[in-house]
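Below is one structure, written out as structure tokens; comments come after it.
Note that the structure is predicted; figures quoted are calculated from it, not measured. Heavy atoms only: backbone and side chains are in, while hydrogens, waters and symmetry mates are out. Count residues from 1 along the sequence.
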Amino acid sequence: METAWMAVTAVWSWIMEHLIYINLIFSIIIVFFQRRDPKSVWTWLMVLYFIPVFGFVFYLLLGQDMGKSKMFRVKEVEDRVYFTVRGQEEFLKTHDTSLESHLSRDYEDLVLYNLETSGAVLTIDNTVRIFTDGEAKYTDLRNELRKADRFIHLQYYIIKDDELFDSISPILAERAKAGVEVRILCDGMGGRFMPKKKWEELKQCGVKVGIFFPPILGRLQLRMNYRNHRKIVVIDNKVGYVGGFNIGREYISRDPKFGYWRDTHLKLTGGSVLSLQIRFALDWNYAAGENLFKDMRYFETGADLFRLDQVDPGIHPLGIQIIASGPDAVSRQIRDNYIRLFAKARDHIYIQTPYFVPDDAVLSALSMAARSGVDVRLMIPCKPDHPFVYWATYSYVGDLLSAGARCYTYENGFLHAKGVMTDGRVCSYGTANMDIRSFELNFEVNAVIYDEETTKELENIFIEDLKLCKEITREGYASRDLWIRVKEQCSRLLSPLL
């Protein structure tokens with residue numbers, strides 16, 4: 001014991017003696033070798049120099065930049081997707097008609113951007129069902145799980161050991177015993193309270209379990225600032241789910257702290273399901289060390305699935321691109337899509353998000369839209385689940401109010417829906433919040449839907465939600481207490497700690 005204490009003392013003495021050099025090294029890394037915006041750079045420099053010793057510990061836990069990481073690249077999928085992407089690009093660039101009126105020419109540039117930046121193929125043979133209630137969503141999911149006969153791929157950021165998981169896990173175990181391949185992928189932070197015993201019980205039934213960025217030494221998480229926030233379910237390549245619901249009792253409105261949980265989840269069929277499957281496979285391959293792309297049984301759907309020149313005239317085409325973003329990517333795909341949608345809006349922009357902590361580009365795009373006469377409306381929760389982010393959100397609400405936007409707090413429980421709707425024509429819903437964490441740090445996935453019928457359905461839901469909201473007026477915002485303003489500004493100042 002005495003020897004260990006002497007070793008700790010020696011290390012501490014060495015750190016203190018060389019602290020200035022340690023801070024200098026980290027400062028050089030932050031300024032010259034990492035992809036960060038100026039606010040984030042200055043905030044981290046202040047932490048390093050004004051919080052001695054602990055500053056670089058915080059940086060090691062929270063500040064590492066993964067922008068140059070290639071850990072999710074898989075040659076098999078790159079080679080196969082490349083030809084599909086090039087084919088769609090060529091079609092969109094050379095055809096005078098816009099998918100025979102299946103996709104408005106106003107958004108072809110956005111489709112091309114997603115194709116060229118991240119290989120997000122466009123599919124137009126889809127259907128969408130919208131869920132806003134957790135009980136309804138999970139009832140439907142359990143029914144689809146029972147029908148699985150090939151495979152179940154289930155990925156959630158949070159999985160808790162409670163009654164909701166207890167209603168799902170027996171179905172997974174039963175399907176696995178029946179010969180269905182079942183895989184569960186959970187984030188290391190989001191699943192940190194799930195007992196290992198539960199995972200072992202499922203493994204014994206034949207279920208494969210993967211943990212994304214698993215903790216070490218119990219619950220020590222060295223990559224705690226990077227979270228796989230995606231929620232994806234793919235069943236037999238026939239049905240897919242993506243949206244905001246995690247697995248926990250609060251998501252089915254059984255936690256008194258939050259009350260009713262208002263969220264949005266999409267059930268998809270068609271080619272977009274294969275896009276979700278590819279996204280799941282990339283995450284699974286990294287977390288579990290199993291290359292699913294070596295077995296094309298997981299990606300069988302149809303030879304002409306992504307052909308844009310062979311559309312059945314008898315069906316109503318519904319265009320979807322599945323886009324993803326994360327700290328390993330060069331571009332901020334979901335954020336850039338939001339900015340482009342804001343810039344294209346001519347009549348209205350409706351936004352639902354539990355956290356509103358935008359970067360300068362997003363805030364500027366929304367402010368310009370509002371000042372240009374576009375009806376910009378933002379809906380946020382009336383109560384915090386993360387107070388720090390909640391107060392930062394209120395700070396940025398003031399910027400939108402000043403620009404002429406209208407802002408609301410949802411009063412009927414907790415709002416967790418994450419989406420953007422513009423002009424009744426295009427919408428983007430999925431797992432990404434309208435905040436810097438989702439833009440920079442989290443691994444996220446959204447469905448961009450180029451369909452007026454679906455967009456208007458979501459907008460009608462938004463309008464109905466307004467009846468359960470309280471509007472934040474300029475006068476009311478200006479009259480808030482001094483202490484509240486201090487909390488808002490402090491939270492806003494610290495929000496760039498990426």
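- A ring pair (Phe, Tyr, Trp, His ring centres under 6.0 Å) check over residues 328-351, counting only residues at least two apart or in different chains, returns the pairs H348-Y350, Y350-F462.
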Using the side chain to side chain contact (heavy atoms under 4.5 Å, CB included) rule, take V242 and R230 through it: C-alpha gap first, then chi angles, then the decisive distance, then the call.
CA-CA 8 Å; V242 64; R230 295 168 182 147; over 6 Å; no
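- H229 contributes a side-chain N or O that, together with a main-chain N or O of T431, makes up a donor-acceptor pair within less than 3.5 Å.
- Taking the salt bridge (Lys or Arg N to Asp or Glu O under 4.0 Å) definition, one finds that R175 meets it with nothing, sequence neighbours left out.
- A cation-pi arrangement is found for R492 relative to Y396, the charged atom lying closer than 6.0 Å to the ring centre and inside a 45° cone about the ring normal.
- Checked by atom type and distance alone, the side chain of T353 pairs as donor or acceptor with a backbone atom of M434 at under 3.5 Å.
- Under the salt bridge (Lys or Arg N to Asp or Glu O under 4.0 Å) criterion, D161 pairs with K198, sequence neighbours left out.
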I would like to know whether L441 and R227 meet side chain to side chain contact (heavy atoms under 4.5 Å, CB included); could you show each step before the answer?
CA-CA 7 Å; L441 296 175; R227 304 168 192 173; over 6 Å; no
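- Salt-bridge annotation for E144 and K147: present, with a side-chain N of the basic residue lying under 4.0 Å from a carboxylate O of the acidic one.
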List the steps and the verdict of ring-ring contact (aromatic ring centres under 6.0 Å, His included) for F131 and F245.
CA-CA 10 Å; F131 292 98; F245 286 110; 8.4 Å; no
Please step through salt bridge (Lys or Arg N to Asp or Glu O under 4.0 Å) for the pair D263 and K137, ending with a clear verdict.
CA-CA 10 Å; D263 217 321; K137 181 255 179 175; over 6 Å; no
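- For the pair V389/P384, no side-chain contact is recorded, criterion being any heavy-atom separation below 4.5 Å from C-beta on.
- A donor and an acceptor atom, one from each side chain of D385 and Y355, are located under 3.5 Å apart.
- Listed by first then second residue, pairs satisfying salt bridge (charged side-chain N to carboxylate O under 4.0 Å, His left out) with a partner in residues 472-485 read R480-E488, not counting sequence neighbours.
- Although no hydrogens or angles enter the test, the distance criterion places no donor-acceptor pair under 3.5 Å between the side chain of S428 and the main chain of V420.
- Under 4.0 Å is where a charged nitrogen must lie from a carboxylate oxygen, and between K257 and E250 no such pair does.
- Partners of R129 by salt bridge (Lys or Arg N to Asp or Glu O under 4.0 Å), not counting sequence neighbours, listed by chain and number: D140.
- Here the SG atom belonging to C382 is positioned 8.5 Å from the CG atom belonging to N412, to the nearest 0.5 angstrom.
- We find the CZ-CG distance between R406 and L400 to be 13.5 Å, quoted to the nearest 0.5 Å.
- In this structure, the side chain of H416 does not engage the main chain of R262 through any donor-acceptor pair within 3.5 Å.
- Within the 4.5 Å cutoff, the side chain of I339 has heavy atoms near those of the V362 side chain.
- The closest side-chain heavy-atom distance from V273 to I235 is not below 4.5 Å.
- Remark: side-chain polar atoms of S253 are paired, donor with acceptor, to backbone N or O of W261 under 3.5 angstrom.
- Between Y251 and Y138, the distance from one ring center to the other does not fall under 6.0 angstrom.
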Run the side chain to side chain contact (heavy atoms under 4.5 Å, CB included) test on V357 and R437 for me, step by step, so that the C-alpha distance in whole Å, both residues' side-chain angles and the decisive distance to 0.1 Å come before the verdict.
CA-CA 8 Å; V357 186; R437 166 165 286 281; over 6 Å; no
Starting from the C-alpha separation in whole Å, work towards a yes-or-no answer on side chain to side chain contact (heavy atoms under 4.5 Å, CB included) for N337 and L110.
CA-CA 7 Å; N337 271 254; L110 183 58; 3.3 Å; yes
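- With sequence neighbours left out, D133 forms a side-chain contact (heavy atoms from CB on, under 4.5 Å) with E135, A136, Y260.
- Atom CD1 of I184 is separated from atom CD1 of I247 by 7.5 Å, given to the nearest 0.5 angstrom.
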Using side-chain hydrogen bond (donor to acceptor under 3.5 Å, both in side chains), reason through Q155 and N228 one step at a time and then give a plain yes or no.
CA-CA 9 Å; Q155 173 180 359; N228 196 318; 3.1 Å; yes
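- Using modelled atom types and a 3.5 Å distance limit, the side chains of T473 and E471 yield no donor-acceptor pair.
- Judged by distance alone, the side chain of D125 and the main-chain N or O of G271 form a donor-acceptor pair under 3.5 Å.
- Using cut-offs of 30° and 60° for the angle between ring planes, the F280 and H153 rings count as parallel.
- Judged by distance alone, the side chain of S438 and the main-chain N or O of A432 form no donor-acceptor pair under 3.5 Å.
- More than 12 heavy-atom neighbours from other residues, nucleotides or ligands sit within 6.0 angstrom of NZ on K344.
- Using a cut-off of 4.0 Å between Lys/Arg side-chain N and Asp/Glu carboxylate O, D283 and R279 are scored as salt-bridged.
- At distances below 3.5 Å, not a single donor-acceptor pair connects side-chain atoms of Q277 with backbone N or O atoms of N237.
- The distance from atom NZ of K418 to atom OG1 of T264, rounded to the nearest 0.5 Å, is 9.5 Å.
- Counting heavy atoms from C-beta outward, Q352 and Y429 have side chains that approach closer than 4.5 Å.
- From N114, atom CG reaches atom CG of L122 across 9.5 Å, with rounding to the nearest 0.5 Å.
- Within the 3.5 Å criterion, the main-chain N or O of L318 finds a donor-acceptor partner in the side chain of N126.
- Note that CG of L154 is 7.0 Å distant from CD1 of I168, once rounded to the nearest 0.5 Å.
- The backbone N or O of M189 lies less than 3.5 Å from a partner atom in the side chain of D187, making a donor-acceptor pair.
- Annotation: side chain of R142 is in contact with side chain of T139 (closest heavy-atom distance under 4.5 Å).
- Taking the six-membered ring where tryptophan is involved, the planes of F212 and F443 are perpendicular, since the angle between them exceeds 60° and thus also 30°.
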